[in-house]
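Heads up, the thing below is written out as structure tokens.
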Amino acid sequence: MNFTQFLTESKNTNANLHLEHLEDNVLNFGVKGARDAINFLQSLRDMLAGHSESKVNVTTKWDGAPAVFCGTNPDNGKFFVGTKGVFNANPKLNYTDDDIDNNHPGEGLNAKLKVALRYLPKLGIKGVLQGDMMFAKGDIKKQTIDGERYITFQPNTIVYAVPADSKLAAIMLAAQIGIVFHTSYTGKRFSDMKASFNIDIKNLTTTKDIWFRDAYFIDASGTASFTAEETAELTSILSTAGRTFQSINSLTLNRIPASETILMHIKTFNNTKVRAGEAIKNTRAHTQELIRWVEAKLNKDILSVKKPEAIRKRQLEKTEIMRFFRGSSNELVKIFELQNQIVEAKNMIIKKLQQMKQVTGTFLRTDTGFKITNPEGFVVVDKLRGDALKLIDRLEFAHANFNAAKEWSK
């Protein structure tokens, strides 16, 4: 499995536009995806157990928005900024404020991109970089949380807080824009550019107008290293996952990614549980509920058409899809058990990584004030192949993210 298989929503399949959750590898890529997910976890275990020969790197996933692409278009030598639309079939590259007005008329995004276009050229970027915008000048507020004075900014779901009397706060307050870079692109033509997580920003020009940094995770040792007991516990979880994986019928497992419809139904239904903040505790009950949900959705699709030929077509599609779900129910139970075991191991790793002190404090805004929360998550990158997957506690962060208002998108 190579890096580009993880990247979707783009004409340029080398673009880093969407990273998948580790456990969804089981659904997205079948047998190979499940095996790779377990291998990723084993490498992370080795890293946290202090093995210097670990095959993975870890970066922190900052909850910024919008995603910003910036740099020089190799096709014309001009500096541009943009969002994920830069890799559309008709790329939305913004060289001027007029381009931004035409491509992004929405008030919030429009203003963010104009700030980016005005100031980011000062960095002297070679090639193209992708990052998450954390704040513009007017986004930073001064607030008191639990009796402590902070400067805060909320680009997306998480509120970031920096002690008001710190050097970092002074730097941020002086800046016109804050951005965290995590991906670089190289190529002789824009349409052929390839993404890399091995980003190096040491040569960017420092300016008081821009607070910037990369997303690399500080050495995961010391306070974020596993004890012998924790290593043994994680090894036991992974051994159980391995046995579950071996028990699953490979034809059934590979059938899911082979059918976009089946894959979509399963992931959409699973995401309804994430939105509701519900863990999948009883995989057999979950499977039966999934089957009922799929059948109800297919019945609704049939009722939505009037022409006899369209009705017959959808009835045939329903028959085929339901034959898979009903005939594979026992295997689906095991597939969901495997996903749960991967999630259990993943969350154990996330909790250990979260023990490292972060650059900023992180909070969720509630009706009664602020609640301490962990960073959004982490991205794990294979050092040799460049494969990347995100490590997020979906019940903690993704549930909040699904239900949060995105101010910048207005």
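All residue numbers in this chain count up from 1 along the given sequence.
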**Q.** Nearest atoms (heavy-atom pairs only) where A345 meets L238
**A.** CB-CD2, 3.9 Å

(Q) Please list all pairs meeting salt bridge (charged side-chain N to carboxylate O under 4.0 Å, His left out) that have one or both residues in residues 142-158, counting only residues at least two apart or in different chains. (A) none

Q.
Main chain of N90, side chain of N88: is a donor-acceptor contact present, judged purely on distance under 3.5 Å?
A. no

Q. After noting the C-alpha distance and the side-chain angles of R323 and E320, does the key distance pass the salt bridge (Lys or Arg N to Asp or Glu O under 4.0 Å) rule?
A. CA-CA 5 Å; R323 182 183 295 118; E320 180 182 351; over 6 Å; no

Q.
Are the side chains of L338 and I342 in contact, using a 4.5 Å heavy-atom criterion?
A. yes

Q. OG1/T186 to CE/M193 distance, rounded to the nearest 0.5 angstrom?
A. 6.5 Å

Q | CD (E309) with more than 12 external heavy atoms under 6.0 Å | A | yes

Q: Nearest 0.5 Å please: distance from the CZ atom of F153 over to the CE atom of M172.
A: 4.0 Å

Q: Might you work through the side-chain contact (heavy atoms from CB on, under 4.5 Å) test for Q341 and F245, ending with a clear yes or no?
A: CA-CA 10 Å; Q341 289 153 2; F245 171 48; over 6 Å; no

Q: Determine whether Q339 and I280 make a side-chain contact, defined as any pair of heavy atoms from C-beta on separated by less than 4.5 Å.
A: no

Q) Under the side-chain contact (heavy atoms from CB on, under 4.5 Å) criterion, do I158 and W62 qualify, and how do the steps go? A) CA-CA 9 Å; I158 288 178; W62 290 72; over 6 Å; no

(Q) Between F336 and N270, is the side-chain contact (heavy atoms from CB on, under 4.5 Å) condition met? List the steps. (A) CA-CA 10 Å; F336 294 136; N270 285 353; 3.8 Å; yes

Q. Any side-chain heavy-atom pair from F190 and N76 closer than 4.5 angstrom?
A. no

Q: Test side-chain contact (heavy atoms from CB on, under 4.5 Å) on L44 and F226 and set out the steps.
A: CA-CA 10 Å; L44 282 165; F226 277 139; over 6 Å; no

Q: Drop me the distance from K267's NZ to D24's CG, to the nearest 0.5 angstrom.
A: 5.0 Å

Q. How far does CD1 of I291 sit from CZ of R326, to the nearest 0.5 angstrom?
A. 7.5 Å

Q: Report yes if the side chains of P155 and Y160 come closer than 4.5 Å at any heavy-atom pair, otherwise no.
A: yes

Q | K318 side, atom NZ; L298 side, atom CG - distance, nearest 0.5 Å | A | 7.0 Å

**Q.** Candidate list L204, I179, D214, V68, test side chain to side chain contact (heavy atoms under 4.5 Å, CB included), partner L129, passing option
**A.** L204

**Q.** Residue list, salt bridge (Lys or Arg N to Asp or Glu O under 4.0 Å) with D139, at least two apart or on another chain
**A.** K112

Q) So, the side chain of N156 versus the backbone of D63: is there a donor-acceptor pair under 3.5 Å, distance only? A) no

Please tabulate, for the side chains in residues 113-125, all donor-acceptor contacts under 3.5 angstrom to protein atoms that are two or more places apart in sequence or on a different chain.
residue: K114; atom: NZ; partner: D101; partner atom: OD1; Å: 2.8
residue: K114; atom: NZ; partner: N110; partner atom: OD1; Å: 3.3
residue: K122; atom: NZ; partner: D209; partner atom: OD2; Å: 2.4

Q. Does the distance from a Lys or Arg side-chain N to an Asp or Glu carboxylate O, for K351 and E230, drop under 4.0 Å?
A. no

Q: For residues I256 and L263, report the shortest heavy-atom separation together with the two atoms involved.
A: O-CB, 3.6 Å

Q | Any donor-acceptor pair under 3.5 Å from T268 side chain to H265 backbone | A | no

Q.
Rounded to the nearest 0.5 Å, what separates atom CG in L109 from atom CD1 in I100?
A. 8.5 Å

(Q) Could you report the tightest heavy-atom contact between M348 and I237, atom names first, then the distance? (A) SD-CD1, 4.2 Å

**Q.** Exercise: identify the closest heavy-atom pair between W211 and A175
**A.** N-CB, 3.7 Å

Q: Output all residues satisfying side chain to side chain donor-acceptor pair (under 3.5 Å) with Q288, sequence neighbours left out; order by chain, then residue number.
A: none

Q: Check side chain to side chain donor-acceptor pair (under 3.5 Å) between T207 and all other residues, then give those that pass, not counting sequence neighbours.
A: none

(Q) My understanding is that only one of D98, T83, N94 makes a side-chain hydrogen bond (donor to acceptor under 3.5 Å, both in side chains) with N103; could you say which? (A) N94

(Q) So does L173 get a backbone contact from the side chain of K137, meaning a donor-acceptor N/O pair under 3.5 Å? (A) yes

Q. If you look at every heavy atom in V31 and S250, which pair is closest and at what distance?
A. CG2-CB, 3.7 Å

**Q.** F69 vs K84 side-chain heavy atoms within contact, under 4.5 Å
**A.** yes

Q: Scan side-chain atoms only and decide if T152 and Q143 contain a donor-acceptor pair under the 3.5 Å cut-off.
A: yes

Q | Minimum heavy-atom distance P163-A169, with the two atoms named | A | O-CB, 3.3 Å

Q) So, the side chain of D99 versus the backbone of T96: is there a donor-acceptor pair under 3.5 Å, distance only? A) yes

Q) Do the side chains of Y185 and P74 get nearer than 4.5 Å, heavy atoms only? A) no

Q. How about I151 and L168: do any of their side-chain heavy atoms sit closer than 4.5 Å?
A. no

Q) Quick one: which of T227, L234, T235 gives a side chain to side chain contact (heavy atoms under 4.5 Å, CB included) with T231? A) T235

Q | side chain to side chain donor-acceptor pair (under 3.5 Å) partners of D132, counting only residues at least two apart | A | none

Q: Could you tell me whether the side chain of F29 reaches within less than 4.5 Å of the side chain of D36, counting heavy atoms only?
A: no

**Q.** Salt-bridge criterion met for R292 and E295 (N-O under 4.0 Å)
**A.** no

